[in-house]
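Basis for what follows: all heavy atoms, side chains included, without hydrogens, waters or symmetry-related copies.
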Amino acid sequence: MVSKTDDIPASLPDCNPVDLADEAGDGAQDSNEATKTRLKDSCGCAHSADTAMVNGDGAHEHMEEAESKQDGNCEADGEEESNEQEVIVIQDTGFTVKIQAPGTELFDLQVSPQEMVQEIHQVLMDREDTCHRTCFSLQLDGNVLDNFAELKSIEGLQEGSLLKVVEEPYTVREARIHVRHIRDLLKSLDPSDAYNGVDCNSLSFLSIFTDGDLGDSGKRRKKGNELEQIDCTPPEHILPGSKERPLVPLQPQNKDWKQPMQCLKVLTMSGWNPPPGNRKMHGDLMYLYIVTVEERHVSVTASTRGFYLNQSTTYTFNPKPANPSFLSHSLVELLSQISPAFKKNFTALQKKRVQRHPFERIATPFQVYSWTAPQVDHAMDCVRAEDAYTSRLGYEEHIPGQTRDWNEELQTTRELPRKNLPERLLRERAIFKVHSDFAAAATRGAMAVIDGNVMAINPGEETRMQMFIWNNIFFSLGFDVRDHYRELGGDAAAHAAPTNDLNGVRAYGAVDVEGLYTLGTVVVDYRGYRVTAQSIIPGILEREQEQSVIYGSIDFGKTVVSHSKYLELLEKTSRPLKIQRHRVLNEKNDVVELCSSVECKGIIGNDGRHYILDLLRTFPPDLNFLPVNGEELPPESHRHGFPRKHRHRLACLRQELIEAFVEHRYLLFMKMAALQLMQQKANKDSNKTDTPAITETSETPTESSTDTAQTQSTTSDSTDATEVSTDCTSQTDSSTSAASKAATDGEGNSSEPTTNGPQDPAATQNGECKNPLEGKEFEESIPGLAQAKELAETLVAEDGSGIDPKSREVVLNACKAVGSISNTSFDIRFNPDIFSPGVRFPEDHADDVQKQKQLLKDAAAFLVSCQIPSLIKDCLDHSTLPMDGATLTEALHQRGINVRYLGTVLEFVEKTPAKTQLEHIYRIGICELITRCAKHIFKTYLQCVELSALSAAVSHFLNCFLSSFPDAVAHLPPDELVSRRKSRKRRNRVPGGGDNTAWASLTPIELWKNIASEAQSYYHFHLQCESVDQVVEKYGFQKITLLREISIKTGIQILIKEYNFDSRHKPAFTEEDILNIFPVVKHVNPKASDAFHFFQSGQAKVQQGFLKEGCELINEALNLFNNVYGAMHVEICACLRLLARLNYIMGDHAEALSNQQKAVLMSERVLGIEHPNTIQEYMHLALYCFANGQLSTALRLLYRGRYLMLLVCGEDHPEMALLDSNIGLVLHGVMEYDLSLRFLENALTINTKYHGARSLKVALSHHLVARVYESKAEFRSALQHEKEGYTIYKNQMGEAHEKTKESSEYLKYLTQQAVALQRTMNEIYKNGSNASIMPLKFTAPSMASVLEQLNIINGIIFIPLSQKDLENLKAEVQRRQQLQELGKGEEPTEYTPLEVEDKIPID
């Protein structure tokens, strides 16, 4: 879910900037934000912030562990921590208050002492009966409560207190907020904001398939005769083998959206605003113009006392109150009196609004855009219009002091204290909130810049060179201005630099060193331009860059300066980021010491903070794509045609690759040391007593060396050693082990994502370094290696003093062999300046530089020789299952493979012997390659299009790319405003020097030629294709998949309708089909570190079979995630999914359903309605629905999942087999045998193709098909399939295995049935109709047996991992077996843990 970099040591949790306007306690919390925080409590989906911070003692150790992870000396710390936590728990019991609002009954509200009064306001503004009030105060015994006070600080507020809602007089600000709120209530069911990608709204369609909320519907329906009422036939296009891929079902019609209940025709600001002076003095604040549904036109005054009708008309101003004036404190009350339709519809609308699942309406933290949308009517909307024209910089009306100082907010949130859990939660929440606000503002600004709505700060220069400032954010374009990047690849380098820089910001942000600051950075691609948005260092605009840079170089290494404070700060990052401190020469040939690349600049702002910027070379260069004269790459790289020339010289290795490489080297190091020790041991076998002695001593150094680690890190880096030693001691002394493990975790974990750190708890069970890689292979090959290894570890654990010289020599040799920079311990770091043009190193460092060059070559070779093959292997055994371009990219990135290696990866796939089993990967890879090439071309294509021709240009490009129509001619937009004759002249004149209609001359043949040559030059991959139809034919693509990929990558939004791509007579797209073009945004995702540690320890517990504890930890993680991220986030989604799975396994089906429903909604909202992740969430939900007896819902969900998967990757994908098996089983359960067979046989075909005909998955598929044939009484076919399955079981598992026995039992049973049937038939033939027929047993499958099969295929079965886990699992398994015995009836058993191959690991 989250990459390795997340457990980076640094003394504090891993998180980067996002929204704390309320940081200063000012009114900054804009209303949606507050709603976000409140909603999560009111909907009961996340118990208030830190309610159950600790549940009993079980969680205590983990608290301590998470705590001590953060700092070196943990023992003492743990104690204080735990007391502190208990304190929180005591304070944080929620209580109930009574609320009395005008015109409503008294009601109770559950609150928590941590909440602010403001949050009660938000709840009231969301409740159905009080939602129309915005301007009120809460009073306790006549005293007004302060909005920003925490409830626990209010005297006299306790269980049962009565809070009165008192209407307050309006101000202009309050009146505007009121109108805005009413408009939001009126629009609450309207999806147009989600289609237009504004205000963090996004689409969700789950409720259409579940008929509202799952929880209730289960109770509402009649349980008994449900079978009869189900219509199981799916639409034609969902059936196996169907070739049509419609687009319209992607967004099924929501009945609430089709005929939205109209409450008002028009609500807008009146043209008479603002009130003249004399009316101001009567309390007029502003005027509104309203048209009711009954066509009544009224003019309304908003005054300090409320809203009333005045006597103005469109053309005459008469502000006197009308008679009657209907003065009301709320606009809703006023309108309800003058318009019966408003009253009726508004009430109905609010009922519907409150019924929707909160997750359908809470804002997401970052905007999600939809690539398809229906034609939405454009309605009048005063608030939207006002927002557009007052260029709401950053919600001015909510924030004192007008525009936000982003830099100040981003940096002060970083400076918040972080000593204990509550402080860290507050800090991470603040960072996250500011960050998501900044990303939203930066995106808006970048679009404004490209659309030409922002004045440049250097307007005299040509457009490419302009820079902009808007809303305290600095914007620059991704072009090579002033030949800055000339030697590095010009514009190509200037385009790559911002993303590299962002990766650097992400990495430094994750290490999170106190006192070192990075800029808020967002990279936006919009309309073919790349814009970098950065927060502004105070004072940087007043001075020249040369004066302000006190560390690093502004001319790529010609002049270099350094600064002691920067060296000290960067030294702290050098270990986690593996950056070697090194010396370079400056222009005067003086030696300058650096601890980063030369481009990294240090500037001290006017605020006295130490900033670093230009982090584009944080990670070392990738030599496979950087040919250097006179340097030879290792043979592994040569074999695959490296080094290759790349567009620019900024290609660098990913952080994940560096981590993997170091881990790999660490294994090597341990092996070498162990083997040498073995030889020594053989030489002096006489004194055997040595071994235990050393192990004994190593017990004490554990704690001490953790402390010394910090002081010693320069002389001999002993942290990793410490880490190893703790692990050896854990057998002897388990009590300190947790603490010390946690302690080292803070230090060493990322210097080598250790072979035995907390990543893989199952592996560290018995204390020796049991890395899966090395454990098995070596221990068998060399007897006694395990002891030798322990010996090696203890050796390394010492700081070099108490060791005999021979052993020291062992370590020295091992260090040399793996390229460690220290001679006494394992420590690998890279020098990012090697091979940078213009950087020179001092003579006396020549051998160091040589070593570093070798290390870089090895890393480049490691990528090609280890990482790519391991990716292919994971794809072969299906532990990695990409479904579309995005998930494929993610899989590459997790292994540290850059996308520029895509061509190489595809070549590897081509050469794999089992190529057919990788067909899906190959197809997705080619598709990704083609759409990326098309994106590169599209980028430059769009840059020369003027705004008025944008939709025509985009549709023309899509026609050339996807339509079979051979001569796609661009329709130059007929100028709507110019007479025919003039327009011809205008075309010939070239405005602005460039030819604005060059785009129109693109032809399909030319575009595909360009794509092929782009594939060759960028990915070094040979595509043989001259047209889209050839590609589709050759690689088995679907055009709809290509359309989805290109739209998502470029931000195009198209009209949702059926496109005829294959017509040879007319183009598929017209300009009316292009609805919008959105930005594609890259930013840092700040993490909730404590929550993440809980989540990981929870996963670990689950994997060891401790379900209850795991469940508690994950619930805890969920609380903490909610606390930091608010209610919506990708990681919360993963948390909910795992929780649902655990609920299900532990037999709590209803709870599983509720959690999984949230997971689906959240996945749709945060990742997108057809993201591969969402598809899988749909499958899980269907299983839990089935278990809850909601069969028709389960089927609808599975059909939806299948439709989405067909759209995203087509039918030929291993995951489709699982989906089809699910559908087939459910259909079998509802006795739709023929349909069921279609799906199950398709699953069998796909499984056979991707898993090989002899795999256990295929055996299971055969068995499922056999069962359906048995139900149809076609025993011959049933026998045939079961025999196939039996043969596989016999060959794979042997005669004695219970699977094989089960299968043979079932075969006997089928044979008996077949014989009985035959006998009956013969009887009928012989005696005619009066034959005495024995009743045959036709078994309609019992629900329990179907559910059991569903569980098996979905991998909901635990596989014992080791002896220790076996014991833990036994109890659990017995309990489940008893349950199953009860539910089974006479069905043949299909239970028993499957082979590992058949298991889908729990997340």
Side-chain angles (χ1 to χ4, degrees), residues 31-32 35-36 38-40 42-45 101 103-105 107 122-134 179-196 198-221 251-265 267 292-293 330-333 335-336 339-364 374 376-377 379 381 383 1127-1128 1154 1157-1158 1160-1162 1164-1165 1169 1193 1196:
S31 57
N32 334 4
T35 328
K36 264 191 244 175
R38 256 321 299 185
L39 264 173
K40 65 168 200 262
S42 54
C43 69
C45 50
T104 56
E105 326 264 290
F107 61 87
Q122 292 301 336
V123 172
L124 295 178
M125 281 163 66
D126 199 57
R127 269 182 71 99
E128 193 181 338
D129 47 0
T130 54
C131 64
H132 55 277
R133 306 186 176 282
T134 59
V179 172
R180 181 177 286 263
H181 180 67
I182 300 304
R183 169 263 199 175
D184 286 344
L185 290 176
L186 293 176
K187 273 187 57 177
S188 55
L189 293 182
D190 175 14
S192 56
D193 279 356
Y195 289 126
N196 296 330
V198 291
D199 289 343
C200 288
N201 284 324
S202 57
L203 298 168
S204 162
F205 291 106
L206 175 65
S207 54
I208 295 178
F209 298 98
T210 55
D211 287 337
D213 195 12
L214 280 171
D216 328 332
S217 53
K219 302 180 196 105
R220 272 207 307 272
R221 288 215 187 107
Q251 297 191 7
Q253 276 294 304
N254 189 329
K255 34 186 191 308
D256 292 343
W257 296 351
K258 257 197 306 230
Q259 9 82 18
M261 292 169 284
Q262 207 184 14
C263 301
L264 285 178
K265 286 208 166 149
L267 159 63
T292 66
V293 180
S330 138
L331 191 54
V332 172
E333 290 165 356
L335 292 169
S336 300
S339 162
F342 177 87
K343 186 173 185 177
K344 176 168 153 258
N345 290 350
F346 186 78
T347 322
L349 187 72
Q350 294 323 307
K351 271 212 168 39
K352 272 212 166 124
R353 178 180 68 88
V354 185
Q355 278 165 6
R356 288 177 68 197
H357 196 287
F359 282 10
E360 292 182 60
R361 49 202 178 110
I362 300 173
T364 58
V376 182
D377 295 334
D381 181 342
V383 178
M1128 282 267 150
S1154 139
Q1157 181 186 12
K1158 287 179 196 164
V1160 177
L1161 284 170
M1162 200 172 297
E1164 288 193 306
R1165 294 281 323 277
I1169 51 173
T1193 308
R1196 277 204 301 272

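Taking every heavy atom of both residues into account, Ile362 and Ala1127 meet most closely at CD1-CB, 3.8 Å. His132 approaches Ile182 most closely through the heavy-atom pair O-CD1, 4.1 Å. The two residues Leu189 and Arg356 come nearest to each other via the heavy atoms CD2-CD, 3.2 Å. When all heavy atoms are compared, the tightest approach of Phe359 to Met1128 is O-CE, 3.1 Å. The two residues Asp199 and Ala363 have their closest heavy-atom pair at O-CB, 4.1 Å. Here the closest non-hydrogen pair linking Asp129 and Thr104 is O-CG2, 3.8 Å.
Side-chain contact check for Leu264 versus Phe346: every heavy-atom pair is 4.5 Å or farther apart.
Between Arg1196 atom CZ and Ile208 atom CD1 the span is 11.0 Å, to the nearest 0.5 Å. Interatomic distance, CZ of Arg353 versus CG of Leu185, reported as 5.0 Å (0.5 Å rounding). Between the SG atom of Cys263 and the NZ atom of Lys343 there is a distance of 13.5 Å, given to the nearest 0.5 Å.
Panel note: side chain Ser202, backbone Arg1165; a donor-acceptor pair is recorded below 3.5 Å. In this structure, the side chain of His181 engages the main chain of Cys131 through a donor-acceptor pair within 3.5 Å. Listed for the Gln262 side chain is no donor-acceptor partner under 3.5 Å among the backbone atoms of Val293.
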Evaluate side chain to side chain contact (heavy atoms under 4.5 Å, CB included) for Glu1164 paired with Glu360, printing each intermediate quantity in order. CA-CA 9 Å; Glu1164 288 193 306; Glu360 292 182 60; over 6 Å; no
Test side chain to side chain contact (heavy atoms under 4.5 Å, CB included) applied to Tyr195 and Asn201, step by step: CA-CA 8 Å; Tyr195 289 126; Asn201 284 324; over 6 Å; no
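Using a cut-off of 4.0 Å between Lys/Arg side-chain N and Asp/Glu carboxylate O, Arg361 and Asp126 are scored as salt-bridged.
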